[in-house]
Amino acid sequence: MSAPHVAASGSGRGEAGAAAEGLLVPPGQGRVVRAPAQHVTFKVTGAHSRAASSFEVVVPPGFDVGAHVHTRSEELFYVLEGELDVLAFEPRIRTPDHWQEWESPAGARVVRATPGTVIVVPPGCPHAFANPTDEPAKMFFQASPPPDHERYFEELLEILGAGGPPDRTAIEELRARYDIEQLTPLRHR
């Protein structure tokens, strides 16, 4: 059995007449972008996939991404460790705060997601996640199409890493550039 190929660069898509190579990213590997508010490891980027960017995200206690919606992006979340409150539905009323209290016309409410929970969010569906516990949570996150979320994470963590309360104006401008309509505020301790 040969050693797995760990690609560091290249598309993995193959040239005409050339065999394509896959990508293997071992545990603990990938480019890391971190700030007090989040820790994101890039696992698969647009350089390796036309379908989606994939990330491992550590969500610290008290982090709330805020409810938001995309017109083009489709996302998938898989909880690996810890617990997250999650929302993935259109509420009866989009209130400007407290998405945790929203309810859908069919009666769906926010769910406490535990390890093994999968959340799929199609374009146009309001969604959010927050860590209301005192322990970090970890999730696998995929966003399509790439590389929008790669660039977004890089710029967001730069803003959040500046210290102090989040610069709401800078975050609003960033989200507008990356197809994110913010419905409730992003918060972190």
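Side chains included, hydrogens not; waters and symmetry mates left out as well; all remaining heavy atoms used. Numbering starts at 1 and runs along the sequence shown.
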Practice problem: Supply the atom-to-atom distance I171 CD1 to E155 CD, rounded to the nearest 0.5 angstrom. | Solution: 12.0 Å
Quiz item: Any donor and acceptor pair, going by atom type alone, linking the side chain of R168 with main-chain N or O of L186 inside 3.5 Å?
Solution: yes
Practice problem: Return the minimal non-hydrogen interatomic distance between V32 and H39, and the atom names on each side. | Solution: CG1-NE2, 3.1 Å
Quiz item: Can a salt bridge be assigned to the pair R31 and E150 using a cut-off of 4.0 Å between side-chain N and carboxylate O?
Solution: no
Exercise. Walk me through it: do V57 and F63 pass the test side-chain contact (heavy atoms from CB on, under 4.5 Å)?
Key: CA-CA 12 Å; V57 180; F63 181 83; over 6 Å; no
Quiz item: Considering all heavy atoms of both residues, which atom of A67 and which atom of W102 are nearest to each other, and what is their separation?
Solution: CB-CH2, 3.7 Å
Quiz prompt | Reported CD-to-CD distance for the pair E74 and Q142, which is rounded to 0.5 angstrom | solution = 9.5 Å
Practice problem: With side-chain contact (heavy atoms from CB on, under 4.5 Å) as the test, would you mind laying out the steps for F140 and S54 before giving the verdict? | Solution: CA-CA 7 Å; F140 176 78; S54 300; 3.8 Å; yes
Practice problem: Take H149 and E75 through the side-chain contact (heavy atoms from CB on, under 4.5 Å) test and state the conclusion after the steps. | Solution: CA-CA 10 Å; H149 258 78; E75 297 178 340; 2.9 Å; yes
Practice problem: Assign the ring pair Y178 / Y152 to parallel, tilted or perpendicular, where the plane angle (0 to 90°) is split at 30° and 60°. | Solution: perpendicular
Quiz prompt | Between T114 and E83, a side-chain donor and acceptor under 3.5 Å | solution = no
Quiz prompt | Approximate separation, where rounding is to 0.5 Å, of F55 CZ and M139 CE | solution = 10.5 Å
Exercise. Evaluate the criterion side-chain contact (heavy atoms from CB on, under 4.5 Å) for residue pair T184 and H98; output intermediate values, then yes/no.
Key: CA-CA 7 Å; T184 67; H98 305 295; over 6 Å; no
Quiz prompt | Donor-acceptor pair between W99 and D85 side chains, under 3.5 angstrom | solution = no
Quiz item: With the 4.5 Å side-chain cut-off for hydrophobic clustering, are V111 and V65 part of the same group?
Solution: yes
